[in-house]
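Reviewing the structure listed below.
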2 protein chains.
Amino acid sequence: MTDLTEIRTEMRRRRKAERPKEILEAAFAEFSRNGYASTTLDQIAERAGVTKGTIYVYFDSKEHLFISMVREVMQASLDTVHELFETHEGSTADLLHAQFSFIYQHIVEDKRRREVVRMLIAEAPRFPELADRYHEEILRPCLDMLRQAIQRGMDRGEIRKSSIVDSPQVVIAPIALVDLWMMMFDKRQPLDLKAYFNAHLDMVLHGLLAK
Amino acid sequence: MTDLTEIRTEMRRRRKAERPKEILEAAFAEFSRNGYASTTLDQIAERAGVTKGTIYVYFDSKEHLFISMVREVMQASLDTVHELFETHEGSTADLLHAQFSFIYQHIVEDKRRREVVRMLIAEAPRFPELADRYHEEILRPCLDMLRQAIQRGMDRGEIRKSSIVDSPQVVIAPIALVDLWMMMFDKRQPLDLKAYFNAHLDMVLHGLLAK
DNA sequence: AATTATTTACTATCCAGTTAGTCAATAACG
DNA sequence: CGTTATTGACTAACTGGATAGTAAATAATT
């Protein structure tokens, strides 16, 4: 085997190896633009630079392509979530500040994840197991971490005793609202994210009432 | 005119007056079950007890039917929001408690509204003006009311001075999360609404930090 | 030549929107 | 009053375009 053929073989292998990812990428773009039902495989194929027949070499059906695409995009968010767990020591207030900072930077701004969430919501009746996967792999770990942080803060006396620890969702709810807001209104009803972030942290830490 | 024909005439008149509502009701049921694109007019017609042709007597197109249906369901929520404005005097904490109570009872439990929100999210790229309408008629009034309540509380000294008043979304974000949660997970990942409501109010009023 | 990746052409089906026509109720008229 | 014309609500059947999936043909590579 000459060097040249070796290189060619390698290119060919890589091409084959890349095809599914290229198709998944195109699938994400088209599905998130038009929704599951209104997206045609021809659109996806054209964007991927292949024809419809090629898609069927790598994926059994439109449904399987959709499921694979969602899992692909979720994987990326999952890696971000794992990073979130590497965060450090310090007072509970500092910890929450650091973690919220991270989340606002990485999760809130991640448009790909948000588009997947949009599809999960839209298609939840048809693909409930995908939504459950999102809960299992992304939401639950975040909530567990948060619950843990609050619990430790209570043990240390930094956090007042309250039953909020049993409903950690309320603490990160403003992040969910950003998703919802962006999905529904995008830039048409603007949201000052910087002010919003500060208000979020402020409310979580101090609440509204005067002491 | 015999009694029989009189009755028939009356039935016919009532029938005509009710037809659009019957069709809209069927449209809601089918659209929310299958999504916009996957719902056929034949499905809607069958549920309404008519044929497809009849739908075209009352509505110009599938798009117009969808838009009319959304407006119809939103109207109901709008009435609820107006009720919300009739709420009373008392300390700001009491006011918030009362308003939140009302919202949890009426908005959070309103499955029809939630299904419409799901469709708004799913179809926002195709029907942005519907999402904007939701903002204009439901979300914004609620946020304005909330902002007003907080401002008055600050003026009275009941509420600490903070920039939360400029981002009132963070205060009702937990309500948005209930929507998101239900839309994605329904009963599969249960949420203890009673505990959640208390945690929400607790966090909004007192925050997490001790002292 | 043999193998593999991809395309092309096709099929069967579905569905929004249309059209022609039915049937009953009213209006017009003699 | 009774007969005929007209209207209004609705249906059944059809059309044309689109589209998921298939399978045979072709191109690329070794």
Side-chain angles (χ1 to χ4, degrees), chain A residues 1-27 29-31 33-69 123 126-127, chain B residues 1-27 29-31 33-69 123 126-127:
Chain A
M1 220 189 213
T2 71
D3 277 8
L4 192 64
T5 54
E6 207 170 327
I7 286 166
R8 284 212 180 117
T9 306
E10 183 51 29
M11 276 182 69
R12 190 148 198 238
R13 286 226 181 87
R14 203 171 69 221
R15 190 111 196 101
K16 191 196 169 182
E18 294 299 314
R19 270 286 181 254
K21 282 185 187 178
E22 291 168 9
I23 293 169
L24 287 171
E25 179 60 33
E30 293 299 323
F31 278 136
R33 173 174 293 279
N34 302 116
Y36 176 76
S38 299
T39 299
T40 70
L41 291 176
D42 281 325
Q43 284 168 32
I44 295 171
E46 189 182 356
R47 178 178 279 260
V50 297
T51 55
K52 190 167 54 169
T54 303
I55 293 178
Y56 279 91
V57 173
Y58 298 101
F59 303 95
D60 291 345
S61 65
K62 190 183 180 184
E63 267 198 32
H64 278 78
L65 173 59
F66 180 73
I67 291 170
S68 301
M69 178 278 289
E123 306 299 336
R126 193 197 286 252
F127 301 101
Chain B
M1 214 192 221
T2 71
D3 279 5
L4 192 65
T5 53
E6 204 171 329
I7 287 166
R8 284 216 181 113
T9 305
E10 182 51 29
M11 275 182 70
R12 198 157 189 220
R13 285 227 181 87
R14 206 174 66 222
R15 198 109 197 104
K16 188 204 167 178
E18 295 299 314
R19 270 287 182 253
K21 283 183 186 176
E22 290 169 9
I23 293 169
L24 287 171
E25 179 58 35
E30 293 299 323
F31 279 135
R33 173 173 293 279
N34 303 117
Y36 177 76
S38 299
T39 299
T40 71
L41 292 178
D42 282 325
Q43 284 168 32
I44 295 171
E46 189 182 355
R47 179 179 278 259
V50 297
T51 55
K52 192 167 50 170
T54 304
I55 293 178
Y56 280 91
V57 172
Y58 298 101
F59 303 95
D60 292 346
S61 64
K62 189 182 182 184
E63 266 196 33
H64 279 77
L65 173 59
F66 180 73
I67 291 169
S68 301
M69 179 277 289
E123 306 299 335
R126 193 198 284 252
F127 301 101

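Chain naming here is simple, since letters A, B, ... match the order of the sequence lines and numbering starts at 1 in each. As a basis for the values below, the full set of heavy atoms in this structure was taken, side chains included, without hydrogen atoms, waters or symmetry mates.
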With a 4.5 Å cut-off on side-chain heavy atoms, are B:L41 and B:Y56 touching? yes
Just call it for B:T54: base, sugar-phosphate, or nothing, with non-hydrogen atoms closer than 4.0 Å on any strand. base
Between C:dT6 atom C1' and A:I23 atom CD1, what is the distance in whole Å? 11 Å
B:E123 side, atom CD; A:S38 side, atom OG - distance, nearest 0.5 Å: 6.5 Å
A:E18 CD to C:dT6 C1', in whole Å, measures 17 Å
Nearest whole angstrom, please: distance from the C1' of C:dC14 to the NZ of A:K62. 13 Å
Ignoring hydrogens and angles, are the base of C:dA16 and the side chain of B:K52 linked by a donor-acceptor pair under 3.5 Å? yes
What nucleic acid atoms does B:T39 come within less than 4.0 Å of, heavy atoms only: base, sugar-phosphate, or nothing? sugar-phosphate
Side chain of A:Y58 only, please: which of D:dA20, C:dA5, D:dC10 is the nearest? C:dA5
Return the 5'-most residue of the pair A:S61, B:T51 with respect to DNA chain D, ranking by each residue's nearest nucleotide. B:T51
Could you check how far CD of B:E22 sits from C1' of D:dA9, rounded to whole Å? 13 Å
Roughly how far, to the nearest 0.5 Å, is CG of B:D42 from OG1 of B:T51? 8.5 Å
Examine A:K62 relative to A:Y36 and say whether NZ or CZ is less than 6.0 Å from the centre of the six-membered ring and inside a 45° cone about the ring axis. yes
Please tell me which of A:G53 and A:A37 maps to the more 5' nucleotide of DNA chain D, matching each residue to the nucleotide holding its nearest heavy atom. A:A37
Could you state the atom-to-atom distance from OH of B:Y56 to C1' of D:dG8 in whole Å? 20 Å
Roughly how many Å is it from CD1 in B:I55 to P in D:dT11, rounded to a whole number? 10 Å
A:E30 with A:R33: basic N within carboxylate O range, under 4.0 Å: no
Whole-Å distance separating the CG atom of B:L65 from the C1' atom of C:dC15: 15 Å
When rounded to whole Å, the CZ to P distance for the pair A:F59 and D:dA20 reads 15 Å
